[in-house]
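Report on the following structure.
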Amino acid sequence: MDTSTTRVRQQRWRQTRQHRVQTRCCDRGGAVKHVAGATLRDQPQHSRRLALLGGTGVVVGITKSLALAEEPIRVRTSDGELVSSFATVEEAVAACPDGGAVLLAPGTRYESRVIVNNARSVTVIATADVGEALSPPDEQQAPPATLIHRTSTPYESVVEASGGARVSIVNVDILHSSKSVARNYAVLACEESRVSLTKSVVTSETGSGVGCEGGAISLDRVLVTNCSNHGALLQGGLEGDTWDDEQQSKPGTSISNSQFVSNGGDGVYFRDGAGCLLLKNVKTEKNAISGIHVGTGVVGGTAQVKVDNVASVGDRKGGVLIEATKGGMGRDAAEELAHTFSKDVQVVIT
């Protein structure tokens with residue numbers, strides 16, 4: 001192929017990519033710029049996600065019209081050096097050094113997974129930054145990328161951390177389908193590992209959106225919606241997972257500034273020795289069971305579950321369900337925990 005033909009094709013590709021990204025942007029007033037071929041899968045979901053991000057004017061819901069990834073994926077080291085490009089997300093994550101970042105193109109769909117099974121810290125982020133340092137999550141203004149994994153193979157999450165891994169997902173939406181009865185999650189933290197999600201929409205068509213089995217989860221500005229099972233199923237926390245009341249910090253699971261909407265089970269189901277849980281500025285809405293379900297195996301009461309501004313709207317069996325007997329925390333501890341929720345939230349103790 002001669003040089004002129006190559007140059008023309010590259011120019012056409014750039015124009016096409018620019019058009020696709022523009023279809024995901026909206027004006028400062030929040031109104032979507034409807035461009036031919038750019039149909040949001042769920043317009044209310046888009047509006048909800050926009051509100052979660054504080055009106056930044058960026059459309060970040062999962063869409064049908066995202067461009068399939070075509071350009072190589074870059075990896076950045078912890079000191080800002082850009083290293084080799086990779087054809088797939090899996091290859092980039094496998095090669096990413098401890099403390100490094102995998103850079104995804106904004107407004108792009110990747111039919112891929114993020115699997116980290118050793119004690120590395122890896123960030124996967126959709127960003128337009130090309131300098132030596134990534135902007136903080138709050139300053140990221142690019143449209144999100146989307147990771148999609150649909151398979152008939154059981155037990156395959158889109159994002160999975162094990163073996164002491166620390167995985168951060170920033171400005172990346174997640175869509176999942178894997179046919180299995182157990183261990184069916186879009187995002188999973190297990191084996192003393194932690195997964196952090198920031199500015200994400202998570203959907204599992206077959207299971208729960210976020211899962212914790214012997215690990216920890218951190219969610220900030222995350223919408224978990226339209227999952228077949230629970231929005232989040234948290235069971236088995238990190239070893240030594242305790243509160244530090246003086247520092248108000250802990251190695252457990254924290255959920256802040258996030259929403260759980262229209263899931264097939266509970267919004268958040270916390271059970272079976274799941275360590276510590278912080279709920280701060282959390283809203284549950286129209287989940288098929290309860291908004292927040294504190295189940296058996298959670299025996300610490302307010303020493304284990306911290307609540308700061310939880311709202312519930314239209315959850316089928318009430319905003320909060322606390323199991324006090326038959327392996328639960330006991331009636332007195334349950335009533336003490338119940339009083340930490342707002343009076344507007346319906347709390348049921350069994």
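Since the model is a prediction, treat every value here as computed from it, not as a measurement.
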Joint cluster assignment, [X] & [Y], ILVMFWY side-chain distance < 4.5 Å:
X	Y	result
V89	V187	yes
V224	L321	no
V345	F270	yes
V159	I115	no
V170	L188	no

Rounded distance (nearest 0.5 Å) linking atom [atom1] of [X] with atom [atom2] of [Y]:
X	Y	atom1	atom2	answer
M329	L337	CE	CG	5.0 Å
K317	Q346	NZ	CD	12.0 Å
T127	I125	OG1	CD1	5.0 Å
D98	S121	CG	OG	6.0 Å
S258	L219	OG	CG	5.5 Å
K280	D220	NZ	CG	10.0 Å

Are K283 and V313 close enough, and set up right, to give a side-chain contact (heavy atoms from CB on, under 4.5 Å), and what steps lead you there? CA-CA 8 Å; K283 182 178 180 180; V313 178; 3.8 Å; yes
R316 atom CZ, over 12 foreign heavy atoms within 6.0 Å: no
Is it the case that the side chain of [X] and the backbone of [Y] share a donor-acceptor pair, with hydrogens and angles ignored and the cut-off at 3.5 Å?
X	Y	value
S254	L278	no
N117	S162	no
T153	T151	no
S193	A165	yes
S200	L197	no
S208	V210	no

State, yes or no, whether a side-chain contact exists between [X] and [Y] at a heavy-atom distance under 4.5 Å.
X	Y	result
L279	D308	no
E205	C227	no
Q259	V282	no
V201	T225	yes
K306	T340	no
V261	L223	yes
K286	S262	yes
V75	I73	no

For [X] versus [Y], what's the shortest heavy-atom pair and its separation?
X	Y	answer
R194	S218	NH1-CB, 4.1 Å
S312	G318	OG-C, 4.4 Å
A101	C96	N-SG, 3.5 Å
R150	L175	NH2-CD2, 3.3 Å
G215	C212	O-SG, 2.9 Å
V172	A126	CG2-N, 3.8 Å

Which residue, [options], forms the side-chain contact (heavy atoms from CB on, under 4.5 Å) with [X]?
X	options	result
P144	L104, N171, I174	N171
V114	V102, V158, L147	L147
N281	N257, V310, I255	N257

Applying side-chain contact (heavy atoms from CB on, under 4.5 Å), run through H339 and F341 and close with a yes or a no. CA-CA 5 Å; H339 282 108; F341 289 89; over 6 Å; no
Grouping ILVMFWY residues whenever side-chain heavy atoms fall under 4.5 Å, the cluster of V299 otherwise contains none
Contacts under 3.5 angstrom, residues 287-296 side chains, donor-acceptor by atom type, not counting sequence neighbours:
| unit_1 | atom_1 | unit_2 | atom_2 | d |
| --- | --- | --- | --- | --- |
| N287 | OD1 | N263 | N | 3.1 |
| N287 | OD1 | N263 | ND2 | 3.0 |
| N287 | ND2 | F260 | O | 3.0 |
| N287 | ND2 | D315 | OD1 | 2.9 |
| H293 | ND1 | D266 | OD2 | 3.0 |
| H293 | NE2 | E323 | OE2 | 2.7 |

State which residues pass side-chain contact (heavy atoms from CB on, under 4.5 Å) with [X]; sequence neighbours excluded, sorted by chain then number.
X	answer
A189	V195, I217
E90	T88, S112, R113
N118	V116, R120
R74	L82, S85, L103

Identify the residue among H230, E213, E156 that makes a side-chain hydrogen bond (donor to acceptor under 3.5 Å, both in side chains) with Y185. E213
Are side-chain N/O atoms of T206 and N184 paired as donor and acceptor at under 3.5 Å? yes
